[in-house]
Amino acid sequence: MAVVTRFAPSPTGFLHIGGARTALFNWLFARHHAEHGDGGRFLLRIEDTDRARSTEAAVQAIHDGLTWLGLDWDGEAVSQFARADAHRAAAERLLADGKAYKCYCTPEELAEMRDAARRDGRKRMYDGRWRDRDPSEAPPDINPVVRLKAPQTGETVIGDLVQGQVRVANDQLDDMVLLRSDGTPTYMLAVVVDDHDMGVTHVIRGDDHLTNAFRQSQLYEALGHARPEFAHIPLIHGPDGAKLSKRHGALGVDTYRNDGFLPEAMRNYLLRLGWSHGDDEIIETEQAIEWFGLDNVGKSAARFDVQKLTNLNGRYIRQADDRALTDLVLARLTAAPSAKLAPEASDRLFKGMAGLKERAKTIVELTENSAFYAAERPISLDEKATKAMDAEGRRSLARMRDRLAASETWTEDALLGAAKEEAEASGAKLSAVAAPIRAALTGRAVSPSVFQILTVLGREQSLARIGDALAERPAET
RNA sequence: GUCCCCAUCGUCUAGCCAGGCCUAGGACACAACCCUUUCAAGGUUGAGACACGGGUUCGAAUCCCGUUGGGGACGCCA
């Protein structure tokens, strides 16, 4: 049977890390099966039945987040709200079959029952008082909800693909609400009807839904629908070990995008959170599709660790395409409020990218480290660079300027040779000779190889920047 | 509180299902050293874990029970 998975977020905020991983697993599972000949579709359903909290902006944020991550869904995204008629019809059918009933309890009665259950140490809240009551006793001024007439004895068992066999006694579960008093369907009803109608074969979601699965299982049973396979994956926790939520701060995938993380690094990191393939750490998407399966999903929750994400991101940056990185950097540089880029910016960035990308773990860092290439002269020196331009540094730089100017060829080797000669002649270390050049060229004390920079910048620009630095007032000291 | 789930280095994990190959492997982070024009990267090395207690067994990280700890769920939210 063709595999159909789905990602079903509620549009009440941005796409957070936990949701992103759930989406990734669903996507990977579907794509894996697609490549192995037995179908494989990944659907997107927006669970927007809570009209008060759902927003169009959030729907857009989910689309954007998934798109950025490279998780494409099949067909149009389904709006759950738009399917309300189908949900209602299912409830009506259950009512007609005597598998559901109307309940006229007031909010006050419900609150009392909830308190009583708490007090008596019971999980089951609603006592089923309208289960078999004659509808003629219904109070005229109350719009009823529709509840499922759930089994009261025996147990409900879920054969979960990740959690294994999980069971609960039916007397722990009360009769869930299917239709609210205003006639709108609840999440429980909507999920079951939609998953069935959309042909979903595998429900892969966070294990905070595990207890919902019991109730949904009862609903499938009442509706006469075959249950899909369930796979409840462990949640991702914050550094404090609790379920990820707003209070953990930067958690929307868009935040990570802004912070300079690459989608491929994000995918790799998220994949390794709760899933493994032996000791493999660097797993690119093609490989992940090939390897992914639910049997290698762990059962315990994982904590989100930015440091590991950052390390992975650095690796992906190092192997990223120079052109793509240049575009990413240029976009950020251009967006900066103080942006005044040299005409040669793009060209220099691209030529220097090989040396630049070895030294950055995020695109933000890469951009900062790249700015000197894009800048117009004269460039300003930061504190450490200024220090390198002390009296001795200036003398050394002045001599180096003459050597560089005299160099017949402008290649890394030739330029490095010139610096070595200077070091030899002045009895200084090569690092001492390089420091002021670096300061003059980049305005900083840390950069890629100065000889590479010299060649990327070219003879004219390099000499000009050195001239600018030498023309500055000497640093006090 | 009740129900359900989980439990290997600080973190992510391999090993567990089919006990011995485990003086428990890898990765991130950390420390030292090497390489080196700075910083990274890279290389070498180091420190660092089977939550606890009982069983079962010739033998348990692996199987069973309990304890403790953590998490999740208990809505006319999703």
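Numbered from 1 within each chain, the chains take letters A, B, ... in sequence-line order.
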Could you run down the sub-3.5 Å N/O contacts of the protein with nucleotides 62-64 of chain B?
none

Practice problem: Taking only the side-chain nitrogens and oxygens of A/S276, find out if one of them lies under 4.0 Å from OP1 or OP2 of B/A14. | Solution: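 Indeed, a polar side-chain atom of A/S276 lies that close.
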Dump the pairs, protein N or O against N or O of nucleotides 37-42 of chain B, anything under 3.5 Å, distances to one decimal.
residue: B/U37; atom: O2; partner: A/R438; partner atom: NH2; Å: 2.9
residue: B/U37; atom: O4; partner: A/S449; partner atom: OG; Å: 2.5
residue: B/U38; atom: O2'; partner: A/A445; partner atom: O; Å: 3.4
residue: B/U38; atom: N1; partner: A/R438; partner atom: NH2; Å: 3.3
residue: B/U38; atom: O2; partner: A/S447; partner atom: N; Å: 2.9
residue: B/U38; atom: O2; partner: A/S447; partner atom: O; Å: 3.1
residue: B/U38; atom: N3; partner: A/R438; partner atom: NH2; Å: 3.1
residue: B/U38; atom: N3; partner: A/S447; partner atom: O; Å: 2.4
residue: B/U38; atom: O4; partner: A/R359; partner atom: NH2; Å: 3.1
residue: B/U38; atom: O4; partner: A/S447; partner atom: O; Å: 3.4
residue: B/U38; atom: O4; partner: A/S449; partner atom: N; Å: 3.3
residue: B/C39; atom: O2; partner: A/R359; partner atom: NE; Å: 2.8
residue: B/C39; atom: N3; partner: A/R359; partner atom: NE; Å: 3.0
residue: B/C39; atom: N3; partner: A/R359; partner atom: NH2; Å: 3.0
residue: B/C39; atom: N4; partner: A/R359; partner atom: NH2; Å: 3.3
residue: B/A40; atom: O2'; partner: A/E358; partner atom: O; Å: 3.3
residue: B/A41; atom: OP1; partner: A/K361; partner atom: NZ; Å: 3.4
residue: B/A41; atom: O3'; partner: A/R318; partner atom: NH1; Å: 3.1

Quiz item: If we call it a pair only when both distances are under 3.5 Å in a Watson-Crick or G-U wobble match, what pairs with B/A60?
Solution: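 Base partner found: none.
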Quiz item: Which one is paired to B/C30, where only Watson-Crick or G-U wobble pairs with both distances under 3.5 angstrom count?
Solution: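 When the pairing criteria are applied, B/G46 turns out to be the nucleotide that pairs with B/C30.
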Exercise. Can you figure out which of B/G72, B/A78, B/A14 approaches the side chain of A/T49 most closely?
Key: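 For the A/T49 side chain, the nearest candidate turns out to be B/A78.
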Self-check item: Ring centers of A/Y220, A/F214 separated by less than 6.0 Å
Solution: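 No, they do not, as the ring centres are separated by 6.0 Å or more.
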Show me the donor-acceptor pairs within less than 3.5 Å that the side chains of residues 261-272 of chain A make with the rest of the protein, sequence neighbours left out.
residue: A/R267; atom: NE; partner: A/T285; partner atom: OG1; Å: 2.8
residue: A/R267; atom: NH1; partner: A/L69; partner atom: O; Å: 2.5
residue: A/R267; atom: NH2; partner: A/T285; partner atom: OG1; Å: 3.3
residue: A/N268; atom: OD1; partner: A/I283; partner atom: N; Å: 2.9
residue: A/N268; atom: OD1; partner: A/Y316; partner atom: OH; Å: 2.5
residue: A/N268; atom: ND2; partner: A/E281; partner atom: O; Å: 2.9
residue: A/Y269; atom: OH; partner: A/D305; partner atom: N; Å: 2.7
residue: A/Y269; atom: OH; partner: A/D305; partner atom: O; Å: 3.4
residue: A/R272; atom: NE; partner: A/D280; partner atom: O; Å: 3.2
residue: A/R272; atom: NE; partner: A/E281; partner atom: OE1; Å: 3.4
residue: A/R272; atom: NH1; partner: A/W275; partner atom: O; Å: 2.9
residue: A/R272; atom: NH2; partner: A/E281; partner atom: OE2; Å: 3.3

Quiz item: Nearest nucleotide by nearest heavy atom, which residue falls closer to the 5' end of RNA chain B, A/V177 or A/Q165?
Solution: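 Upstream on the strand: A/Q165.
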Taking only N/O atoms, report every protein-nucleotides 68-70 of chain B pair under 3.5 Å with atom names and distance.
none

Quiz prompt | Residues A/D322 and A/K351 bridged, charged N to O under 4.0 Å | solution =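 No salt bridge links A/D322 with A/K351.
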Quiz item: Roughly how far apart, to the nearest Å, are B/G20 and B/U36 at atom P?
Solution: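 Per the computed distance, 46 Å lies between those P atoms.
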Practice problem: Between B/C28 and B/G69, how far apart are the C1' atoms? Round to whole Å, please. | Solution: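 These two C1' atoms come out 25 Å apart once rounded.
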Practice problem: Return the set of residues passing salt bridge (Lys or Arg N to Asp or Glu O under 4.0 Å) with A/R401 (not counting sequence neighbours), or none when no residue passes. | Solution: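 Result, salt bridge (Lys or Arg N to Asp or Glu O under 4.0 Å) vs A/R401: none returned.
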Polar-atom pairs under 3.5 Å, protein N or O versus N or O of nucleotides 49-51 of chain B: list them with distances, or write none.
none

